[in-house]
Each structure stands twice: as structure tokens, then as C-alpha cells.
Number of protein chains: 2
Amino acid sequence: MLKRKDSPTLEDVARAARVSTATISRSINEPDKVASETRDRIAAIIEELGYTPNFGGRVLASNRSNTVGAVIPTMANAMFASGLQVFQEVLSGASITLLVASSSYNAQTELEQIKSLVAHGADGLLLIGSARPVETTRFLEIRKIPYVIAWCYQHNDARFFAGFDNAKAADEITTEVLNKGHRQIAMIAGHSKQNDRSKNRISGVCTGIKNYGQGAELLSVIETEYSLETGGDAFEELMNKQTKPTAIICGNDVLAAGVIIRAKQLGIDIPGQVSVTGFDDIALASAVSPALTTVRVPQLEMGKAAAELLLKLLAKEKPHSTELQTLIIHRDSLAPP
Amino acid sequence: MLKRKDSPTLEDVARAARVSTATISRSINEPDKVASETRDRIAAIIEELGYTPNFGGRVLASNRSNTVGAVIPTMANAMFASGLQVFQEVLSGASITLLVASSSYNAQTELEQIKSLVAHGADGLLLIGSARPVETTRFLEIRKIPYVIAWCYQHNDARFFAGFDNAKAADEITTEVLNKGHRQIAMIAGHSKQNDRSKNRISGVCTGIKNYGQGAELLSVIETEYSLETGGDAFEELMNKQTKPTAIICGNDVLAAGVIIRAKQLGIDIPGQVSVTGFDDIALASAVSPALTTVRVPQLEMGKAAAELLLKLLAKEKPHSTELQTLIIHRDSLAPP
DNA sequence: CTGAAAGCGCTTACAG
DNA sequence: CTGAAAGCGCTTACAG
């Protein structure tokens, strides 16, 4: 059990300044309503005492918190970071504080973090992806918590999205690979269980291949954790099979970079012997050699759009979801078979 | 001005369950003290109403928050992420919630985030680096906020560190470079103004070169932002000088990766024409080609040590700072001139 | 095992 | 421009 340190309270400040707590409160929140001399005296004392308003008391009394929360799957890679940065910047412009928590790609943890954030006074939430247990959805609904979903977009859905169509994007890169002449395809994807982005990317690849016809075949899909190591392992597994793919479509850049690195170690030439594509276009994608042909995800735009959506939601307006576009970035890891 | 949604309160639950608020409160916080039937009934109603305790009320009444905050310079690269992840895991084990905010490497923003976190009830803080304005230090002191500093270590300092000696680490990699036979050295570093880690890495390189003697020279130090692009730019700048370095020591891996990528574009062979070293050993370091010889920073250990330190601090124990060691990782970007 | 009631630190009509 | 006082949603001795 942790004890809070004995922080100075409004009353301490009031006593030192020889005014009422009401005046201190005003001097902080509505300075114009306080005589400038009083205000200066108060400011000095606040500084001296290191006073910060107790957030709990403030929220309780004002019924207003000016903070929103974000729950992202992981902080452990750059994937969500830059979007979040923009999200935060836009919110700062509206004097809103952002609190961040991470779920480790786990639905139960996500719910806990959501509850914690809400308990901490979050007026609204940014969530990643659309698939979550009813338990979570119910909580969000019952509590009427405004939230926006980023990193995916769903038509005919009443929720608010700032994202893109993962399936469509995956379909497009698949078609690109097919157009280069590849027919024997494999995919290395993230676990799709509680991750709709991964699931949709997989289904996008399936669709792309099915619709293409002309003997195009999806040899296998390996689902794994997002890391260089596991990406490399999956690659080895694919290359040890009877029928080897001529192109491997990866569910994200980390996986694809893992393939590239492992291929170099194994002496397999990319794209000479096998082509590889990524997804997301993080820094790693252009750093690796050969540089990854990948799908650029509109991170910054999503962050911005999400913030604007949430701001409107908080202002009780009814905004429209915004669908962003992805873009195929042509680099060196994809070539004809 | 945001209005909080009309959340159910303890009283709503109490009314529905036909017991007092005290009983509800106990049933949540000290279930053992409540009859199991009562408890079950209450649990059902809480679930149905989507009730979450109002954090403000709780903190106010109990004088206890069970949350700590972390302010990191940036979420935009993997640098701090994995350490933070471990930090969070250890804290979770002690039922403590972690709130994260970022400062964008700006001291003023850092202070604001610190205040915000404290106002939100943070009982303790994780901060990165030791250099901060007196204003910030004063606030921390006056409010007697327990905090631990990660990513650096200072002897003879009363504060609590979970980190390593940046200067020493930089000195070591410098000596390594020198031992390979290089004499004309240049450094590309992060801005050192409000960043003691960068400053110490620079001074470590200076020390290393000075102590080595034997004609070793530090041609120039370019300070820049941490990005692939700026790293590449700095590299070009160095290669356009009259006297070119034979080895470039970089203040972090992103900068070094930027050098590698740009060198490839310029047709400059690394390490054939110039050697390059990194710092941090993030994923990028081994993904790039040639892979970076770099300094591995004990991220996970720092996260763990920092959490343990903070936990002790919160328990009013007086712990000892823990100094972690760095390790030079030999890969392919450093060779004799 | 349960309840009545005080009090945590704020804000905000309402007066003046 | 300033103050007295009620009330926000909780927890916690204190009784029973």
C-alpha cells in the first residue's frame, strides 16, 4: 500500500496567501477573474510550495478531466510510436493530456488498461484494431466512453475509425507480387487470434491469390510473433519444405527484415532466389539490404485523424470515420522469379 | 471543456444492491470482509452497470494511488520501449499501474509531463537521464516525489540510478576503434544541450582519444537530431571535408544506420573506406548491412532494476543505485583502416 | 458482517 | 474582485 506524499493543498496555499481557497482556484483556472496583485502573490506561493492541483479533487469537483488515454499493443517497436506522437501533439493543442498504456497484444490486459485509464479520468480513448471481446465492448458501451479505433477501417460500422483497409492493402501487394510473375506464394504473418489487422492481412492475401487465378497458389501461411528472430525461423521453415515459394509476403516489416537477415546468413539471395515483401514501412524497411518493397501505412495521418475524430466526439459532435490509403513502396526485395 | 460521462457511482451500485456504500467499497477492496452472497450479488451488479471506481474519489479518500509514471524522451524509436516494457511488468507484479508520457527531448515538456503525472496521482516516477533544470529538480524535491533515473549512472550522487556510465562506454568503444589502428576519428552525436547521455558519450570519446595519444585525433563532432536522414547528412558533411576520418563513432545506432545507408547510396564502402560504430544495439543495428559494431546497452536489466529501485523507494526503504555494464558487440562495420 | 458519517482536495454557483 | 459553503465519489475508523 503506497501512501501519497504530503503534498501541499489548496488550503495550504490559501493560508499562506491569506485568501480563500476559492480565490486560489480561480487564480489557477480563470486568472482574469482575480486581481493581478493577488494573482502574482499566489503564483509566487504556488511556485514556492511546489503546489500542483490534486487531480482527483479537481476531477471530482469539476466533473471534467481533460485527459484521454491510448492503449496500444506494444511500445516495443516503432510501429505505433510516430502515429501516437502526432496524436498527442494534436491533443496538446487542445490542452488535453494523453496517457498511454500497452496491452502486449492481449485482450484481457487491454481491458484492464482501458478500465485503469477510465478510472484515471480519461474522457475518451484511442484503441488499436477492431476485434475485442464482448466484455470489453460492453464496458465501453455501458460507460458511453467515446473512443476511436485506429489501424483499421470497417465499412458499415457505427464505430469511429481512423485507419485503412488491411485486407485491401494486403490484396494489393499480393497482386503486385503476382504481376511480377510469382505463382508459388507463402505468407509469414503475425498471430491472428486477437489481432484483426493480422487476420485481415492474411485474408487479403488469400483473396488476392484466389481472384488472380492463373495457377497462383498460396503454399502456406505461418503465424508467428513479430520479431526478427521468429521471422527468420519461419523463413527457414518455408525453405525446408518440399515445394519452396518464389515469393514470401510478410505481415509486417519486422518479419520481413528477419527473413532478409536470415537469408543472408543462409546464403540465399534475395530477391534472386526468393522475393520478399513487408508491411508498414517502418525505418527498418529501408535500412535493411536489399531494402524492402513494402506497404506504407499512413501512420501520421492516422494519428492526426484519430485525434480530430476524438476531439469531435468529446465535443458531442458526430464525426465521420476517415479511411486512409496505403501505398506500395517499390524497393529492392521484390523481383521476377 | 469536457464533461465526464455520467458514470455509475458507488451509490448507484449500493442502491441497486440494497446495501451501504461501505459494503460495496469493502467488497471491492477487501472481499474477505464481506459475506460471500452479498459479494456475489454486488459483483453481478457491478458487471451489469459497468461500474469502475472513480479514481479521483478513491485517491482522495484513501490517500493512496498505486500508480507510477514514466517520462521518456520519445516513443518514436525502440530505444526506451523494451526497457519500459520490463519496468511495467515488474510493477504489474506489485499491482501498480504505469502511466507513460513523453517529453520530445524537451526539458520544459518534461516538467509539464511530470506535473501532469503527479497530478494524476503518480506515487513515483521513472525519468531518463540526470540533467534537468533546477525548476524541475526543485519540484521533485519539494514534493518529495520518489523517482529513479535510468539510462545513466553517476557516482557520488544521492539520487537513485538504474543505468550505466555513458562516458565510460563511449571511452571503451573509442579505444576499440583506436586499437584497430584508426587515428583520424570523427563523431556524429545527438544534441547534447539537454541530453546528458549524449553529452557524456561525446566526452567519453574525447577522453578515449586524449588518453590514447599516439597521434589519435578527433577531427570533428557533429551534433544532430536522432534520425537515419540526419545521420546520413552528417556523414556526407564529414566526407566532404578536407581531412576525412577513417572511422566514425556514432552516438546511437539510428545515426550509425543512417551513415551505412547513405554510404551505400554514395558508393562508399564500409568498412573498406570508412569504419562506423553505433551505440545502443537496437534491432536496426543487426539488420543493417554491414551489421553494426556497437555498444550494447542493458535495456531490460535497467527496466528491471529501475522497477525494483522504485518499489523500494515507495516502500520507504533506502535502496542502492545499481550500475549496469555495457558490452561491445563486434559485427562488421569496424575494420582496420 | 454491515451501516452511518466524516473527510480527502477541489470547483462553483451564490452573495456581497 | 473575493469569500462561505455545498458537493463531487470514494474510504475508513467507529459502532453495532
Side-chain angles (χ1 to χ4, degrees), chain A residues 1-42 46 49-67 115-116 118-121 123 143, chain B residues 1-42 46 49-67 115-116 118-121 123 143:
Chain A
M1 294 293 128
L2 314 173
K3 286 277 169 193
R4 230 174 346 100
K5 50 273 144 202
D6 325 78
S7 325
T9 69
L10 243 208
E11 191 153 348
D12 296 329
V13 181
R15 205 173 303 124
R18 309 195 151 283
V19 289
S20 72
T21 57
T23 300
I24 310 288
S25 174
R26 281 192 209 98
S27 141
I28 294 172
N29 302 307
E30 310 162 293
D32 292 348
K33 297 195 176 172
V34 176
S36 66
E37 299 168 21
T38 318
R39 210 192 307 142
D40 293 347
R41 190 158 36 105
I42 292 174
I46 286 179
L49 265 44
Y51 170 78
T52 347
N54 176 297
F55 184 77
R58 198 206 277 263
V59 170
L60 216 43
S62 71
N63 201 32
R64 190 188 302 144
S65 90
N66 274 14
T67 99
K115 284 188 175 171
S116 162
V118 169
H120 277 82
D123 290 312
R143 292 294 297 270
Chain B
M1 293 294 129
L2 314 174
K3 286 280 169 191
R4 230 173 345 102
K5 50 275 145 199
D6 324 78
S7 327
T9 68
L10 244 208
E11 192 155 349
D12 296 328
V13 180
R15 205 174 304 125
R18 309 195 152 281
V19 290
S20 72
T21 56
T23 300
I24 310 288
S25 174
R26 279 190 211 102
S27 140
I28 295 173
N29 302 306
E30 310 163 292
D32 293 346
K33 297 194 176 172
V34 175
S36 66
E37 300 168 22
T38 319
R39 211 192 306 142
D40 293 346
R41 188 156 38 104
I42 292 175
I46 286 180
L49 266 43
Y51 169 77
T52 348
N54 175 298
F55 184 76
R58 197 206 277 263
V59 171
L60 259 191
S62 70
N63 199 33
R64 190 186 305 143
S65 89
N66 274 14
T67 101
K115 285 188 175 171
S116 162
V118 169
H120 276 82
D123 289 315
R143 292 294 297 269

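No experiment lies behind these values; they were computed from the predicted model shown. Residue numbering restarts at 1 for every chain, and letters A, B, ... go by the order of the sequence lines.
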S.K.: Kindly say if A:N29 contacts the phosphate of C:dT11, meaning a side-chain N or O under 4.0 Å from OP1 or OP2.
M.R.: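 Checking A:N29 against C:dT11: at least one side-chain N or O falls below 4.0 Å of OP1 or OP2.
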
S.K.: Please tell me if B:T38 has a side-chain N or O lying less than 4.0 Å from either OP1 or OP2 of C:dT2.
M.R.: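 So the side chain of B:T38 is within the cut-off, an N or O lying under 4.0 Å from OP1 or OP2 of C:dT2.
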
S.K.: Looking at B:S20, I'd like to know whether one of its side-chain N or O atoms comes within less than 4.0 Å of OP1 or OP2 on C:dG3.
M.R.: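 Checking C:dG3 against B:S20, a side-chain N or O does come within under 4.0 Å of OP1 or OP2.
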
S.K.: Which heavy atom in B:T23 sits nearest to a heavy atom in B:V34, and how many Å separate them?
M.R.: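 Of all heavy-atom pairs spanning B:T23 and B:V34, the closest is O-CG2, 4.0 Å.
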
S.K.: Sort me out a list of protein N/O and nucleotides 13-15 of chain C N/O pairs below 3.5 Å, or just none if empty.
M.R.:
{"unit_1": "C:dA13", "atom_1": "N6", "unit_2": "A:R26", "atom_2": "NH2", "d": "3.3"}

S.K.: Where do A:S27 and A:I42 come nearest, in terms of heavy atoms and distance?
M.R.: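 Minimum heavy-atom contact is OG-CG2, 3.5 Å.
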
S.K.: Would you say D:dT11 has OP1 or OP2 under 4.0 Å from some side-chain N or O of B:S25?
M.R.: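 Yes, within the criterion.
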
S.K.: Please determine whether a side-chain nitrogen of the Lys or Arg among B:E11 and B:R15 lies less than 4.0 Å from a carboxylate oxygen of the Asp or Glu.
M.R.: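 Yes.
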
S.K.: Could you say whether B:E30 or B:G57 is positioned toward the 5' end of DNA chain D, judged by the nucleotide with the nearest heavy atom to each?
M.R.: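 Taking each residue's closest nucleotide, the earlier one in sequence belongs to B:G57.
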
S.K.: Taking any heavy-atom pair under 4.0 Å as a contact, classify A:D32: base, sugar-phosphate, or nothing.
M.R.: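 Sugar-phosphate contact only.
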
S.K.: Please pick, from D:dG9, C:dG9, D:dA5, the nucleotide with the shortest atom-to-atom distance to any side-chain atom of A:T9.
M.R.: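 Ranking D:dG9, C:dG9, D:dA5 by closest atom to the A:T9 side chain puts C:dG9 first.
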
S.K.: Taking only the side-chain heavy atoms of A:S62 (C-beta and beyond), determine which of D:dT2, C:dG3, C:dT11 contains the nearest atom.
M.R.: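 Nearest to the side chain of A:S62 among the choices is C:dT11.
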
S.K.: Checking contacts here: which listed nucleotide (D:dG9, D:dT2, C:dC10) is nearest the side-chain heavy atoms of B:N54?
M.R.: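 Nearest listed nucleotide: D:dG9.
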
S.K.: As a test of reading the structure: which of C:dT2, C:dG9, D:dT2 is closest to the side chain of B:L60, going by heavy atoms?
M.R.: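 Nearest nucleotide to the side chain: C:dG9.
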
S.K.: For A:G50 versus B:R143, what's the shortest heavy-atom pair and its separation?
M.R.: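 For A:G50 versus B:R143, the nearest heavy atoms are O-CD, 3.0 Å.
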
S.K.: B:L10 CG to D:dC8 C1': how many Å, rounded?
M.R.: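 Answer to the nearest Å: 13 Å.
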
S.K.: Are side-chain heavy atoms of B:T38 and B:R26 found at a separation under 4.5 Å?
M.R.: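 The answer is no; the side chains never approach within 4.5 Å.
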
S.K.: What does A:T52 touch in the nucleic acid at a heavy-atom separation under 4.0 angstrom: a base, only the sugar-phosphate, or nothing?
M.R.: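 Sugar-phosphate, no base atom in range.
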
S.K.: Rounded to whole Å, please give me the gap between CD1 in A:I46 and P in C:dC10.
M.R.: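 It is 10 Å, rounded to the nearest whole Å.
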
S.K.: Heavy atoms only: give me the nearest B:G57-B:N54 pair and the separation to one decimal.
M.R.: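 The pair with the smallest heavy-atom distance is N-OD1, 2.8 Å.
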
S.K.: My understanding is that a pair needs two contacts under 3.5 Å, Watson-Crick or G-U wobble. By that rule, which nucleotide pairs with D:dC1?
M.R.: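 D:dC1 is paired with C:dG16.
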
S.K.: Do you know which two heavy atoms are closest between B:N66 and B:D123, and how far apart they sit?
M.R.: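 Scanning both residues, the minimum pair turns out to be N-OD2, 2.9 Å.
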
